[in-house]
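In what follows, a single structure is set out as structure tokens and then discussed.
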Amino acid sequence: MAQNAVPALQIVSRIGAAVVGGYAFSWGFVALGIGLLFAAGMPFHDAESLASMLAFLVFLVAFLWAFSAANIKRVWLVLAGGGLSMTAAASLVQRALL
């Protein structure tokens, strides 16, 4: 029975990384995309629409990668850390615009 606990924990961790980490990564992507596209001269609503549409593809790739990667720690680091980093960078870009 103890042998089944480790794979179950890994599966739950991968599901969490795929859903939560993918969402955080996509959120950071959208926030940074909107800020950079707006700073480049694109109208705000166009930048928002483009970043949101691309975020569907980013989330799909992140979700699938979370299940195919060999190292779950790397998945969590890239998805959650990347999402946090992009969100922080988006905050800096937005402050520079205001």
Side-chain angles (χ1 to χ4, degrees):
M1 188 149 165
Q3 292 176 339
N4 292 337
V6 174
L9 183 60
Q10 290 177 355
I11 291 170
V12 169
S13 182
R14 285 193 185 271
I15 292 170
V19 175
V20 176
Y23 182 79
F25 194 83
S26 298
W27 185 357
F29 176 82
V30 168
L32 184 59
I34 292 170
L36 291 176
L37 289 171
F38 185 72
M42 184 178 279
F44 176 77
H45 292 293
D46 292 342
E48 183 181 30
S49 296
L50 178 61
S52 296
M53 285 188 283
L54 290 175
F56 283 109
L57 296 175
V58 169
F59 182 78
L60 176 64
V61 170
F63 188 88
L64 293 175
W65 178 67
F67 289 104
S68 66
N71 189 347
I72 189 64
K73 290 180 184 176
R74 182 178 300 138
V75 171
W76 273 108
L77 181 65
V78 169
L79 293 181
L84 183 63
S85 299
M86 286 190 287
T87 303
S91 178
L92 294 174
V93 169
Q94 292 170 6
R95 277 195 200 139
L97 292 173
L98 297 178

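All values derive from a computational prediction rather than experimental measurement.
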Under 4.5 Å between side-chain heavy atoms, hopping through other hydrophobics if needed: is there a path connecting [X] to [Y]?
{"X": "Y23", "Y": "W65", "result": "no"}
{"X": "F67", "Y": "I11", "result": "yes"}
{"X": "L36", "Y": "F44", "result": "yes"}

Identify all side-chain donor-acceptor contacts of residues 86-97 below 3.5 Å with residues at least two apart in sequence or on another chain.
{"residue": "T87", "atom": "OG1", "partner": "G83", "partner atom": "O", "Å": "2.7"}

CZ-OG distance between F63 and S68, expressed to the nearest 0.5 angstrom:
11.5 Å
Could you go through the side-chain contact (heavy atoms from CB on, under 4.5 Å) check for V75 and I72 one step at a time?
CA-CA 5 Å; V75 171; I72 189 64; 4.2 Å; yes
Considering all heavy atoms of both residues, which atom of [X] and which atom of [Y] are nearest to each other, and what is their separation?
{"X": "V30", "Y": "A51", "answer": "CG2-O, 3.7 Å"}
{"X": "A62", "Y": "L79", "answer": "CB-CD2, 3.6 Å"}
{"X": "S26", "Y": "A55", "answer": "OG-O, 3.8 Å"}
{"X": "F38", "Y": "A47", "answer": "N-CB, 4.2 Å"}

Please name all residues satisfying side chain to side chain contact (heavy atoms under 4.5 Å, CB included) with L50, sequence neighbours left out, ordered by chain then number.
L37, M42, L54
Hey, does the side chain of S13 reach the backbone of L9 with a donor-acceptor pair shorter than 3.5 angstrom?
no
W27 CH2: over 12 foreign heavy atoms closer than 6.0 Å:
no
Give a yes or no on whether F59 atom CZ has more than 12 heavy-atom contacts from other residues, nucleotides or ligands under 6.0 Å away.
yes
